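Residue numbering restarts at 1 for every chain, and letters A, B, ... go by the order of the sequence lines. None of these values were measured; they are calculated from a predicted model.
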Protein chains: 2
Amino acid sequence: MNISEKINLTGTSPEERSPEDRSMAIRESLRNAIIDRRLAPGTKLSESEVGSLFDVSRTVARAALQMLAFEGLVKTERNRGAFVSNPSPEEARQIFASRRLIEPGIVAAAVERITPEDIVQFRRQLDEEGRYLNERGPAARRAEIKASGDFHLMLASVAGNVILQRFMDELVARSSLVIALYGRSGVSSCGHSEHTAVLDALEKGDGARAAKLMIHHIDHIEADLDLQVKQGLGLKDALSPI
Amino acid sequence: MNISEKINLTGTSPEERSPEDRSMAIRESLRNAIIDRRLAPGTKLSESEVGSLFDVSRTVARAALQMLAFEGLVKTERNRGAFVSNPSPEEARQIFASRRLIEPGIVAAAVERITPEDIVQFRRQLDEEGRYLNERGPAARRAEIKASGDFHLMLASVAGNVILQRFMDELVARSSLVIALYGRSGVSSCGHSEHTAVLDALEKGDGARAAKLMIHHIDHIEADLDLQVKQGLGLKDALSPI
DNA sequence: AATGGCAAGATTGCATACGATTTGCCCATT
DNA sequence: AATGGGCAAATCGTATGCAATCTTGCCATT
């Protein structure tokens, strides 16, 4: 159960490139590992292990884990440690309910501010997304989930509200976890075309249509999930079946 | 500039009542102090000072400050320390834009789940709010801001989405800061009646009306702000006035 | 008198050490 | 053989120490 191979240490930080917060770099690295499933839900992230992996003390490893706990990607249990989050179906529903609420607003804001350069950027992103769609294997699948999330994050970035952007950051990351856990089919084979449709509407300046498409898109993602209580194992639930 | 008097140490934690995370208790205490202005924006919160105030080491004080930084209530500068946030007008606008987006959704969810007991609780809360409205002095003013925020948080709680609840927690807290900084008149003398109106609509099950009232309410709060760059003090702005 | 540099003080960043708590294993007892 | 107690290993929670960095006041120089 060595997590060392799962984490792309050099992926986010070429080396000691940033003299700034190292805990932030560790957070980024772990975040990426979590959202594209190199670290499975439930995996234990011990402070010492993370610390030695990134060659820092427990202090800074702990700070990174605290940040991840704050954004809901890991859960910490006192005196037991930190574990990659294992979102419950209820949590999953709430995540998507939040997205259904926020993303139309983001789309509406984005349509006011999007530039032709942004459009070009988006097309490039969608191309990459489509490329992964046609590849096989878990690596391509992971990359696809990641790219799909990036589309939504780019949208939030264009919308220009840093607070909503941070909320979306969290929601997209947690969505990735949920899809990894409860996803039924191949992620969102329809997702790519839906992204394209949203972008097309944005390009035409049709915010209302883009927002509607976005809601449908989110609905489709959630509909692809199998949110049964199969993973109920909560014991608390098991003990009070009535 | 001793902050010790500003913090109600016993307010949130009677003593060592919680054997659990002390940093969480410190965060709560500082949070309360910030959102009702006992700690003014810009105030420095040094690790050692906070630590000795709560009789803990810098380690746990630091953890509390990190959490506050994460929710935007304090800003940390590397090698300089943590300071109570001084939201810019732009930040303020984004905070209220976010609330305009999220709160109608919360209201819509709340109308589906609100119980008669909740209504009673809300009435009690509104009574207390009204009481502060008729009192004079900064203490009553602070209590009024707090109580006003609590109304929105109760709503989020009733809505039953813990993620949105946490977002609102952050947004309400930051709003308090913004109102403290840019508030023009007496907070929201109209706010109380508007809260009542929202609740009335909720009680009648008229979610659409409640949502509309909520948007107006938020608009009114924001309209009461003086979001000029008077506090621009950024120097960077002052130097490039064109 | 104003400016520039320097050194002392203060504060954070980080690592490490020690105590506390939990977990799992082993063995004794029934 | 199953159960219960207790010990040992592992891990977390917290305090503290040291180095790095920033601030500030002082002094020399112009």
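Partner of A:Glu222 under the side-chain hydrogen bond (donor to acceptor under 3.5 Å, both in side chains) criterion, chosen from A:Arg100, A:Arg99, A:Arg93: A:Arg100.
In this entry the distance linking CZ of A:Phe83 with P of C:dT23 reads 9 Å, nearest Å. For B:Met24 and D:dG13, the CE to P distance is 12 Å, given to the nearest whole Å. Taking atom CD of B:Gln66 as the reference point, atom P of C:dT12 lies 12 Å away to the nearest angstrom. Spacing between atom CG of B:Leu65 and atom P of C:dT12 amounts to 9 Å, rounded to whole angstrom units. Atom CG in B:Asp21 sits about 14 Å away from atom P in C:dT21, given to the nearest Å. Note: CD1 (A:Ile26) to C1' (C:dA15) measures 13 Å, nearest angstrom. Remark: C1' of C:dA15 and CZ of A:Phe54 are 18 Å apart, rounded to the nearest angstrom.
Side-chain N/O atoms of B:Arg80 include one lying less than 4.0 angstrom from OP1 or OP2 on D:dT23. Look at A:Arg22 and you'll find a side-chain N or O under 4.0 angstrom from OP1 or OP2 of C:dA15.
Side-chain atoms of B:Arg58 come within donor-acceptor range of the base of C:dG13, with a qualifying N/O pair under 3.5 Å.
With D:dT23, C:dT16, D:dC12 as the candidates, the nucleotide lying closest to the side chain of A:Arg62 is D:dC12. When distances are taken from the side chain of A:Thr59 to each of D:dT21, C:dA15, D:dC12, the shortest belongs to C:dA15. The side chain of B:Glu47 lies closest to C:dT12 when the candidates are D:dA15, C:dT21, C:dT12. Between C:dT22, C:dA15, D:dT14, one nucleotide has an atom nearer to the side chain of B:Ser57 than all others, and that is D:dT14. Residue A:Ser46 places its side chain closer to D:dT11 than to any other of C:dT16, D:dA15, D:dT11.
A:Gln66 is not listed as a side-chain neighbour of B:Met67, based on a closest heavy-atom distance of 4.5 Å or more. At a threshold of 4.5 Å between non-hydrogen side-chain atoms, the residues B:Asp224 and B:Ile179 do not count as touching.
Between the A:Ser29 side chain and the A:Ala25 main chain, no donor and acceptor come within less than 3.5 Å of each other.
By the 30° and 60° cut-offs, the orientation of the rings of A:Phe151 relative to A:Phe122 is perpendicular.
Between B:Ala82 and A:Asn79, the one whose closest nucleotide on DNA chain C sits nearer the 5' end is B:Ala82.
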